[in-house]
Asks: 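Here it is: the structure, laid out below.
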Amino acid sequence: MDILNGLNDAQKSAVLHVRGPLLILAGAGSGKTKTLTHRIAHLLATEGVYPSEVLAVTFTNKAAREMRARLATLTRQQNTRGFMPWMGTFHGICVRMLRTDGIAIGIQPSFVIYDEDDRQGLIKQAMKELSLSGDHIKPRAVSAAISSAKNELISPLEYAESAQFPFQQSVAKIYTQYEKLRRKAVALDFDDLLIETVRLLRESAQVRSKYRTQFRHILIDEYQDTNAAQYAIVKALVNDDKNICVVGDDWQSIYSWRGADFKNILRFEVDFPGAFVVKLEQNYRSTGAILEAAHNVITKNVERTDKKLWTSEGAGAPVQVQSVYDEVEEAYAVASRIGAQTAIGARRYGDFAVLYRVNAQSFALERALLQNHIPYQLVGGTRFYDRKEIKDIIAYMRLLYQPNDRMSFSRIVNVPTRGIGATSFEKFLLWQSESGMDIIAALTNASQTSRLTPRATHALTVFGEKLRGLQAMVESGVGPSEVITQLLEVVDYRRYILDGAPGGEEREANLSVLVSDAKSFMTVGDFLEEVALMSSVDASTSDEKVTLMTIHAAKGLEYPVVFMVGMEDGLFPSLRALEEGPQQLEEERRLCYVGMTRAREELHLLYAQSRLQFGQRGYSRPSRFLEDMGHHIANVSMASQDSYNEYGEPTNQFEVGDLVRSLQFGKGEVVDVDGLAVTVVFDGNIRKKLNVEYARLEKC
C-alpha cells in the first residue's frame, strides 16, 4: 500500500519530514488525524522504527483506538495484539510509566486512581479533620483550586506561601491535609498522574534516560490543549535527536478553564529552533461560506497564528441567521426546521446537532423536540460510570484491589445498610490507622479493639469476612466480571437496588452492562484503570437522533447541519468574558469558531431578543460575533421588531372564548381570565393555567 496515496502536498510534506522538530498547524477539517496516522505508518514502514519506539499521544481513548486500527490497516499488521503500546492519552501513558517505574520515587505499583467525586470526598474528610466548616468553603471550589495548582505544578508548600486571601489560605491548609490522606490511601488523583510523572522524569535520571532512549519519535496531537504538566512531560522526554512532531490549531484552543495553555503551540518554534512548519489549510469538511464566516470571526483575535482555510467544494448556502423573540420560540424554530427536513426525507435525525454555550440552554430544546416527537440524545448527561449503582460497585472493586483505599471504604461501608453508625465508623478508622493493618484485615480483626460496641464489632467483622473472600478471588487472578458477579450476591446488592424504589430495574440493567463490559478485561487492575481513564469526550453517539450538546463537547465532531443557539452578547460571548477583558473574549471567539466549523453543509445561528433567566426576562443585543462574520450570512425569518419593542409592562389582552395557539401546547380556547393568568383548554382536553407574560400565546 502506498502510504502517501490520497494525501495533498502539505500532508505529504508533514509525513516525509522525519528528522528534527516538526510543527503541523492543522486547521479545522484539514485531515490532521489522517496526516498523523500516515506519518507514523511511514516511520514504521520505511524508516526502520519499531512500534515500541513511538510515543503517540492523543487526547481521548477513542482517538487512540481509532488511530491504532487505521495504522494496523495501513501497515498490514496481521497480529494487532500489543501493537503501538505507547499510543494513548497523557493520563493513560502516565499510568503505565508510574506502574512500571514509579517505585523510583516511592510510588507503589498498586495505587488506585481517584476521580472527581473521590477527591471531593477526601477534601470533605480533610476539612472535617481541620475543623473547617463546609458552609463557607465548598469542596467543589477547593477541588478546582487544588486541581489548578497541580496542573501548574504548584506544591502545597508553594501554594501556602503565595496564599493572600482567606479562601486561598484555607485551601492551602486543606491541600496539605488532602495530600497526607491521599498518600496514606495509596491513591493518585487525575492531576497526580501527570505531576508525579513530571517528578519521576525530573528526579530519576535513570528512568528519564530509559524513556528518552526508547522513544525515537514523539508525536503529540491537540498540542494547543496541553497544560503546564503535560508540557513539562513532553520537554523531559525529547532526546538529543529532537524528533518531536506536534499537531494542533491554536484557533481551536478552548480549554483554558481546565489549565490548557494555547501559547505552548505558539512558542514551539522558540522551544525547538529550526523547527519545520507545515500548514494544513485545505478543508475537507465545510462549505466555502461557512469557512469564510468562521475565518472572519477568528481573525479578530490578536494572539494567533496566521493561516487561511479553503475548500474545493464551492461556496454552498450562506450561513443562516435567525432572530426569535425568546428561548421558547428559538427551540421551536429549531424543532420545526428539523421536522420539516426529515419529513420530506431530505435529512436524517442524525444529521443535526444543536450546540449551546451552557447546559442550562438544553431545557427548552429538549421540551420542543419531545413535543414534536423528534428523538434526541443529550451529550453530557449522567454518564454510565457516574451512576450511583455503578460507582458503588467500582468502589467495592477498588477496595478489594487496594485495601488501604479509605475513600472507597467510606462510600460502601453502609451500602447496603449494615447498621454501622457514624461514631462506630470513625472509631474503627482511628483504630485501623493505629493498628497498621489495611482496612480489610482490620475489619476481620475488629474484635481486637474494645472501642466498639458488640453490635458494631459483629457487623464490621461479618463485612470483613465477606470482603476477604472476594479479595482472595482478586489475588488469585479471577477476572473482574466473575468478581463483580460474586460481589453482587455476597453483599446482597441486587436485593438492595430492587427494593421497590423507582428505577430499580433500570439500575439492575446497568449492573448487567457493567458485568458484560468487565468481561473484556483479564485482571481487576486493568479493568479499574480503564474505568478511571474513561473520558466524557469518548461518549458514543447515535445516527438515529438529533444531538444536543455544549460547544465545548462538540470539539472534534462534525455534522451536515449545525444549529448554534443563544447567539447574544452576555450569553455568547459570556458576560464574564465581556467583563474580564481581551483574553477571555479571544477564547470565546475561538469557541465560536469551533462551533461554526462543526458544520459541513448548513449552519444556522439563532439569537433571542429576550431570554428568561432566574425568573426574570432580560433583553440583549445580538452577539458581536454575528457582526464579525461579514457578508457571508443571510438573515431569515426575523421576529417582528414591533413586537419586540412593545414588550414592556405586560398586559392581558385575552378574553374568555378567545381561540389561541401555543408553541408548546398547540391550539385551545380561553376559559378563564384572572389578571395576567389565563386558563386554556387545549386540544386533547389538556387544561393549563398560564401567565401571558411568559406563555407566548397568540390569538388565532
Side-chain angles (χ1 to χ4, degrees), residues 103 106-114 118 121-122 124-126 128-129 177-188 391-480 482-496 523-525 527-528:
I103 196 69
I107 295 177
Q108 298 298 319
S110 60
F111 64 82
V112 295
I113 304 170
Y114 278 0
D118 299 321
L122 201 61
K124 290 176 184 176
Q125 184 178 333
K128 187 173 183 179
E129 293 184 5
Q177 186 67 10
Y178 168 83
E179 288 295 280
K180 290 179 181 177
L181 294 172
R182 180 189 58 75
R183 284 192 291 268
K184 192 170 186 179
V186 194
L188 299 179
K391 291 186 74 69
D392 286 346
I393 299 306
I394 296 302
Y396 270 106
M397 295 292 284
R398 292 198 315 193
L399 181 61
L400 298 176
Y401 180 70
Q402 176 44 262
N404 279 307
D405 182 4
R406 280 197 171 194
M407 286 304 306
S408 293
F409 178 58
S410 298
R411 181 180 182 96
I412 51 85
V413 64
N414 261 321
V415 179
T417 303
R418 298 183 176 87
I420 301 169
T423 301
S424 296
F425 175 67
E426 291 181 8
K427 287 181 178 179
F428 169 76
L429 285 180
L430 181 62
W431 171 75
Q432 178 263 326
S433 179
E434 295 170 351
S435 74
M437 291 184 278
D438 65 45
I439 291 170
I440 295 178
L443 285 169
T444 59
N445 289 281
S447 59
Q448 293 183 11
T449 177
S450 59
R451 301 177 187 179
L452 301 170
T453 64
R455 180 182 176 185
T457 299
H458 176 73
L460 290 168
T461 302
V462 170
F463 185 36
E465 290 170 350
K466 291 179 178 179
L467 292 180
R468 183 66 194 102
L470 294 165
Q471 186 184 41
M473 294 178 66
V474 175
E475 292 173 345
S476 64
V478 173
E482 295 176 64
V483 176
I484 295 172
T485 299
Q486 183 69 8
L487 167 66
L488 293 173
E489 299 306 319
V490 168
V491 303
D492 211 11
Y493 193 87
R494 199 180 304 276
R495 182 191 58 79
Y496 165 70
T523 70
V524 169
F527 169 69
L528 292 176

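Side chains are part of it too, since the values below use all heavy atoms of this structure and drop only hydrogens, waters and symmetry mates.
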Asks: Identify every side-chain donor-acceptor pair in residues 426-433 under 3.5 Å, counting partners at least two apart or on other chains, and give the distances.
Replies:
residue: Glu426; atom: OE2; partner: Lys128; partner atom: NZ; Å: 2.5
residue: Gln432; atom: OE1; partner: Arg406; partner atom: NH2; Å: 3.4
residue: Gln432; atom: NE2; partner: Met437; partner atom: O; Å: 2.8
residue: Ser433; atom: OG; partner: Lys184; partner atom: NZ; Å: 2.4

Asks: Applying side chain to side chain donor-acceptor pair (under 3.5 Å), can you list everything that pairs with Thr523, at least two apart in sequence or on another chain?
Replies: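 Partners of Thr523 under the side chain to side chain donor-acceptor pair (under 3.5 Å) test: Asp526.
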Asks: Return yes if some donor-acceptor pair links the side-chain N/O of Thr449 with the main-chain N/O of Ala446 below 3.5 Å, else return no.
Replies: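 Between the backbone of Ala446 and the side chain of Thr449 there is no qualifying donor-acceptor contact (under 3.5 Å).
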Asks: Can you find a pair of side-chain heavy atoms, one from Ile394 and one from Phe527, that are under 4.5 Å apart?
Replies: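 In contact.
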Asks: Say you draw a straight line from CZ of Phe409 to CG of Asn404; how long is it, rounded to the nearest 0.5 Å?
Replies: 12.0 Å
Asks: How far apart are the closest heavy atoms of Asp392 and Ile412, and which atoms are they?
Replies: O-CG2, 3.4 Å
Asks: What's the separation between atom CG in Leu487 and atom CD1 in Ile393, rounded to the nearest 0.5 Å?
Replies: 4.5 Å
Asks: What are the two closest heavy atoms between Ala395 and Arg411, and how far apart are they?
Replies: CB-CD, 3.8 Å
Asks: For Asn445, give me all partners under side chain to side chain donor-acceptor pair (under 3.5 Å), at least two apart in sequence or on another chain.
Replies: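 Listed in chain order: Gln448.
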Asks: Check the pair Leu467 / Leu400 against side-chain contact (heavy atoms from CB on, under 4.5 Å), numbers first and verdict last.
Replies: CA-CA 7 Å; Leu467 292 180; Leu400 298 176; 4.1 Å; yes
Asks: Is the shortest heavy-atom distance from the side chain of Leu188 to the side chain of Ile113 under 4.5 Å?
Replies: no
Asks: If you look only at pairs with a residue in residues 453-465, which of them pass as a side-chain hydrogen bond (donor to acceptor under 3.5 Å, both in side chains), with sequence neighbours excluded?
Replies: none
Asks: Any donor and acceptor pair, going by atom type alone, linking the side chain of Gln402 with main-chain N or O of Ser110 inside 3.5 Å?
Replies: yes
Asks: Within the 4.5 Å heavy-atom criterion, are Gln125 and Glu129 side-chain neighbours or not?
Replies: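 With C-beta onward as the side chain, the pair touches.
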Asks: Ignoring hydrogens, what is the shortest heavy-atom contact between Tyr114 and Ala185? Give both atom names and the distance.
Replies: OH-CB, 3.5 Å
Asks: Do Arg398 and Asp118 have side chains that get closer than 4.5 Å, going by heavy atoms?
Replies: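 Result yes, sub-4.5 Å side-chain heavy-atom pair found.
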Asks: If you measure from CZ on Arg183 to OH on Tyr178, what distance do you get to the nearest 0.5 Å?
Replies: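 Output value for this atom pair is 10.5 Å.
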Asks: For Glu179, enumerate each residue passing the side chain to side chain donor-acceptor pair (under 3.5 Å) test, keeping only those at least two apart in sequence or located in another chain.
Replies: Lys150, Arg182
Asks: Please list, chain by chain and in numerical order, all residues satisfying side chain to side chain donor-acceptor pair (under 3.5 Å) with Arg418, sequence neighbours excluded.
Replies: Tyr396
Asks: Between atom CD of Gln471 and atom CG of Asp438, what is the distance when rounded to the nearest 0.5 Å?
Replies: 6.0 Å
Asks: Which atom pair, heavy atoms only, marks the closest approach of Ser424 to Ala456?
Replies: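 Nearest pair, atom of Ser424 first, then Ala456: OG-CB, 3.6 Å.
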Asks: Run the side-chain contact (heavy atoms from CB on, under 4.5 Å) test on Leu460 and Phe425 for me, step by step, so that the C-alpha distance in whole Å, both residues' side-chain angles and the decisive distance to 0.1 Å come before the verdict.
Replies: CA-CA 9 Å; Leu460 290 168; Phe425 175 67; over 6 Å; no
Asks: When rounded to the nearest 0.5 angstrom, what is the spacing between CE in Met473 and CD1 in Ile484?
Replies: 10.5 Å
Asks: State the CE-CG distance between Met407 and Leu122, to the nearest 0.5 angstrom.
Replies: 5.5 Å
